[in-house]
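Numbering of ligands and ligand atoms starts at 1, following listing order.
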Amino acid sequence: MGIPFDTGGTYRVGARFGPEHIRSASALMRPYHSGSDVAIFDRLSVVDYGDLPVVPGYIEESQRRIAGGLLEVLRAGVVPIDLGGDHSIALPELRALAEVHGKVGLIQLDSHSDTSEAYFDQPHTHGTPIYHAIKEGLVEPARSIQVGLRGPIYSDRDYAIPREMGMEVITGVEAHELGMATVAERIAARVGDAKVFFSFDIDFIDPAYAPATGTPEIGGFTTWEAQSLLRRLAGINYVGFDVVEVIPAYDVADNTSFVAANIVYEFLALLARAR
Ligand code: MN
Ligand code: MN
C-alpha cells in the first residue's frame with residue numbers, strides 16, 4: 001500500500017509521489033526471484049491495496065488515519081509493505097503494529113537514526129519517529145538495530161542517543177568495514193525470534209544509485225550490497241515493512257523508484273521463503 005504523506009520532510013519534500021512512481025517501476029518485477037530461487041507468487045497472495053488516507057499538511061491527523069487504515073489490514077492477518085512517503089509515517093505504522101502484535105523489534109536501514117526528540121521545537125517530523133516510537137513503548141530496543149548511519153551530524157549525541165535508548169547501531173563506516181555478511185549476522189542475532197518491522201529508508205543506498213531522496217548522504221551502499229544484505233535476512237519473523245523517502249522529482253531516469261521497487265521485491269522474496 002502507498003502512504004503518500006510528505007509533510008514530515010525537513011529539507012526536500014515530494015515523497016507523496018513516491019508510491020505511484022514505485023508502483024510504475026515495479027512493472028518490471030518478474031515472478032521468479034532468481035537471487036533466492038523462489039517463485040514468489042506461487043507462495044504468496046499479494047495485492048496492491050492502494051493508498052492509505054492522509055491529509056497533506058496535517059501530520060497528527062494523518063498519523064491517526066494512517067494507523068487506522070493499517071489496523072484494518074493488520075487485523076486481517078496481512079503483512080503490509082508500505083510505500084512512503086517520508087519517514088514520519090513510521091510512527092503511525094508502529095502504533096498500529098504494536099496495537100496488534102505488541103512491542104516489535106526494529107530493523108532500520110538508514111543514513112540517519114531518526115531519534116531526535118524534536119525538530120524546530122516540533123515533535124513530529126521525519127527525523128523523530130523512532131524516538132517517539134520507543135518512548136511510546138511500541139518498539140523493543142533490545143531487539144532493534146539501526147544500520148548505515150553516516151554523514152554530517154549535529155554532534156556525537158546523534159549516535160549516542162539511539163544507543164542510550166537501548167538499540168544496537170552499526171554506523172555506515174562500521175558496516176562498510178564489516179561487510180554485509182557480518183552485518184546480516186549481527187542483525188539476525190539482535191532481533192532473534194521477535195516480531196520485526198523492517199524500515200528501509202532509501203537514503204541507506206548511496207545517492208549515486210538513489211539520488212531522489214529527502215536528505216541524501218554520500219558514502220552509502222550499492223544496490224548490490226543492499227540485495228546481498230537482504231537475501232541474508234531470511235528466517236526472521238517479519239510483521240511489516242516499508243520503503244520511505246523516495247522523492248521522484250529529484251530522480252534521474254527513475255533510478256530511485258526502480259531501486260525502491262526492487263527492495264520491495266526483495267521483501268516479497270523474504271516472505272515467500274518463509275512459507
Ligand atoms: Mn529515515
Ligand atoms: Mn534517512
Problem - His112: its N/O/S atom lying closest to the Mn ion (ligand 2) (atom name) - result: ND1
Handout entry: Within the 6.0 Å centroid threshold, strictly below: Phe267 and Phe198
Key = yes
Handout entry: Geometric cation-pi criterion, Arg12 with Tyr250: 6.0 Å, 45°
Key = yes
Problem - Nearest to the Mn ion (ligand 2) - the N/O/S atom of Asp203, by atom name - result: OD2
Exercise for the section: Measure from the Mn ion (ligand 2) to each N, O or S atom of Asp110 and report whether any distance is below 2.8 Å. Expected result: yes
Problem - Flag, side chain of Asp86 to backbone of Gly8, donor-acceptor distance under 3.5 Å - result: yes
Exercise for the section: Specify whether an N/O/S atom of Glu217 falls short of 2.8 Å from the Mn ion (ligand 2). Expected result: no
Problem - Under 2.8 Å: N/O/S of Asp201 next to the Mn ion (ligand 2) - result: yes
Fill in the blank from the handout: the Mn ion (ligand 1) -> Asp114, closest N, O or S atom is OD2
Practice task
Compare every heavy atom of Pro92 with every heavy atom of Leu70, then report the nearest pair and how far apart it is.
Solution key: CD1-O, 4.5 Å
Problem - Close side-chain approach of Leu149 to Tyr159, heavy-atom, < 4.5 Å - result: yes
Handout entry: Side-chain donor/acceptor of Thr256 to backbone N/O of Ala212, under 3.5 Å
Key = yes
Handout entry: Contact check: His87 to the Mn ion (ligand 2), N/O/S below 2.8 Å
Key = no
